Amino acid sequence: MRIEDFDYELPESLIAQEPAPQRASSRLMVVERSSGEIRHRHFWQLPEALTADALLVLNDSRVFPARLWARNQSGARIEVLLLRPAGDDVWEVLLKPARKLRPGQRLVFEPGQLEAKLVRGGGPFTRRLRFFCQGELREWAWKLGKMPTPPYIRRAAGESEREPLDRRRYQTVYASAEGSVAAPTAGLHFTPELLRRIPHVFLTLHVGYGTFQPVRVSDVAEHRMEAERFEISAGAADQINRHRAAGGKLVAVGTTSVRVLETSWQRHGEILPGQGETDLFIYPSYRFTAVDAMITNFHLPRSTLLMLVSAFAGTALIRRCYQQAIQAGYRFYSYGDAMLIL
């Protein structure tokens with residue numbers, strides 16, 4: 001398939017800049033794959049839209065304020081996005097602008113308290129920094145950093161009044177395992193009240209650069225995902241396997257949960273507990289083995305996330321859903337509305 005197959009035009013006004021006033025007040029598009037029927041609901045109506053045998057599988061990873069700003073030796077301002085640990089005091093990062101730094105050069109965040117030096121290594125688009133600080137780096141991130149909302153959510157570098165909102169709402173109500181640099185956004189719509197009404201279980205995938213890495217090839221099959229860390233507890237694995245064995249349906253909340261479930265089932269023929277990494281790239285022609293339904297947001301054109309939902313529901317149906325969503329004024333992307341694909 002070609003990258004152009006996953007393109008569409010979106011009015012800029014439909015890119016959500018802030019979350020809905022109440023989490024469950026987001027709109028919910030309910031899509032039936034078997035019939036192609038599309039219904040328009042609100043997220044608080046989710047329990048009635050699900051079948052009685054549904055078990056939600058949610059990603060409980062917690063976002064931390066991974067976006068920091070520093071000065072290089074010439075005084076230029078550098079944006080640093082922490083991605084993941086890569087050894088003792090070393091982190092894989094994204095730098096903007098990256099061209100202003102060379103190995104050995106230093107960055108100053110808080111003089112005498114938090115500094116870093118660029119070291120060799122990293123991926124094609126990432127760099128590595130060795131940090132020097134008093135205390136834990138994550139503690140400094142919570143003190144100095146901002147939530148890593150995507151660039152289409154406009155937050156000026158010096159803007160601070162929206163940070164409390166982002167720290168509260170760019171996070172699921174059930175987030176517990178800290179490690180993500182982006183929110184598993186399908187879960188942002190849930191409230192504790194909703195969760196009490198629906199059987200559910202948690203697993204963890206720490207969202208990193210791999211989920212949002214741009215597709216830079218024309219032939220989709222040539223794209224390679226960056227690996228991301230996941231964990232499935234023994235209790236969660238047992239509950240999922242017993243539910244499947246009894247004929248129940250697994251409803252993955254978000255593309256991250258989809259990828260963990262499908263990775264485990266592909267490797268073992270069941271859901272096994274433990275830690276691991278996945279670089280599973282799901283695009284049309286993929287055969288799903290574990291997931292029966294999914295909840296997801298509306299995704300960017302040409303993204304791996306749009307390719308995954310197209311693989312699940314069919315490219316033509318997803319294209320029709322997106323056209324209807326645009327016509328009906330749905331809000332798109334991380335702070336936007338949701339879909340339930342049955």
Side-chain angles (χ1 to χ4, degrees), residues 59-73 77-96 98 101 103-123 125-150 155 157-160 162-185 187-188 202-212 226-233 256 274-278:
N59 180 7
D60 67 1
S61 185
R62 186 173 186 236
V63 187
F64 69 103
R67 179 171 284 117
L68 302 167
W69 283 268
R71 299 281 181 182
N72 66 9
Q73 291 166 238
R77 202 162 191 265
I78 306 291
E79 180 182 315
V80 178
L81 180 64
L82 303 173
L83 294 179
R84 59 181 177 181
D88 292 340
D89 302 317
V90 175
W91 277 70
E92 195 107 358
V93 301
L94 289 177
L95 299 176
K96 188 167 68 173
L101 280 179
Q105 291 185 303
R106 298 180 75 88
L107 290 175
V108 177
F109 300 84
E110 284 280 301
Q113 300 186 73
L114 178 60
E115 300 183 4
K117 181 174 70 173
L118 186 66
V119 297
R120 297 192 181 277
F125 309 103
T126 63
R127 302 292 187 92
R128 286 187 176 180
L129 290 178
R130 183 180 301 280
F131 284 87
F132 306 91
C133 61
Q134 300 176 4
E136 293 292 327
L137 179 58
R138 287 188 190 272
E139 294 176 1
W140 281 102
W142 281 102
K143 180 179 178 181
L144 301 177
K146 293 188 181 298
M147 292 298 273
T149 52
R155 299 288 188 265
E159 185 179 24
S160 59
R162 291 186 179 180
E163 182 63 15
L165 171 72
D166 290 332
R167 288 202 177 195
R168 186 175 72 255
R169 294 295 302 275
Y170 193 65
Q171 193 85 270
T172 63
V173 297
Y174 48 80
S176 60
E178 186 170 293
S180 279
V181 299
T185 56
L188 297 180
F202 297 108
L203 48 73
T204 304
L205 180 137
H206 292 309
V207 185
Y209 182 54
T211 294
F212 303 99
E226 294 283 334
E228 294 171 309
R229 296 172 293 130
F230 71 86
E231 182 173 358
I232 306 172
S233 70
T256 56
Q275 300 179 350
E277 290 191 339
T278 179

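Everything numeric here is computed off the predicted structure, so don't read it as measured data.
Listed by chain and number, the residues in a side chain to side chain contact (heavy atoms under 4.5 Å, CB included) with V93 are V80, L82, W91, L95, R127, L129 (sequence neighbours excluded). Taking the salt bridge (charged side-chain N to carboxylate O under 4.0 Å, His left out) definition, one finds that R71 meets it with nothing, sequence neighbours left out. Under the side-chain hydrogen bond (donor to acceptor under 3.5 Å, both in side chains) criterion, E92 pairs with T126, R128, not counting sequence neighbours.
Scanning all heavy atoms of the two residues, the minimum distance from A227 to R84 falls at O-NH1, 3.2 Å. Contact detail for P184 and T256: the closest heavy-atom pair is CB-OG1, 4.0 Å. Here the shortest heavy-atom pairing between S61 and A175 reads O-CB, 3.7 Å.
Taking CG of L137 as the reference point, atom CZ of F109 lies at 8.0 Å (rounded to 0.5 Å). Note that CZ of F132 and CG of L107 are 11.0 Å apart. Values are rounded to the nearest 0.5 Å. Atom CD of E79 sits about 9.5 Å away from atom CG of L68, to the nearest 0.5 Å. The NZ atom of K117 sits 11.5 Å away from the CG atom of D89 when rounded to the nearest 0.5 Å. Of the inter-residue distances, the one linking C133 atom SG with E115 atom CD reads 10.5 Å to the nearest 0.5 angstrom. The distance from atom CZ of R162 to atom NZ of K146, rounded to the nearest 0.5 Å, is 12.0 Å.
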Verdict with reasoning, M147 to E163, per side chain to side chain contact (heavy atoms under 4.5 Å, CB included): CA-CA 7 Å; M147 292 298 273; E163 182 63 15; 3.6 Å; yes

Check against side chain to side chain contact (heavy atoms under 4.5 Å, CB included), Q275 and R229: CA-CA 7 Å; Q275 300 179 350; R229 296 172 293 130; over 6 Å; no

Side chain to side chain contact (heavy atoms under 4.5 Å, CB included) between T149 and R67, worked out: CA-CA 9 Å; T149 52; R67 179 171 284 117; 4.3 Å; yes

Side chain to side chain contact (heavy atoms under 4.5 Å, CB included) between F131 and V90, worked out: CA-CA 6 Å; F131 284 87; V90 175; over 6 Å; no

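A donor-acceptor pair under 3.5 Å links the side-chain atoms of R167 to the main chain of W142, judged by distance alone. Counting only distance, with no hydrogens or angles, the side chain of E228 and the backbone of V207 share no donor-acceptor pair below 3.5 Å. Using modelled atom types, no side-chain atom of S180 and backbone atom of A183 make a donor-acceptor pair closer than 3.5 Å. Judged purely by atom type and a 3.5 angstrom limit, N59 uses its side chain to pair as donor or acceptor with the backbone of L205. Not a single donor-acceptor pair under 3.5 Å links the side chain of W140 to the backbone N or O of G135.
By the 4.5 Å heavy-atom criterion applied to side chains, V63 and P148 are counted as neighbours. Contact annotation: the side chain of E178 approaches that of R138 to within less than 4.5 Å [non-hydrogen atoms, C-beta and beyond]. For the pair Y170/P150, a side-chain contact is recorded, criterion being any heavy-atom separation below 4.5 Å from C-beta on.
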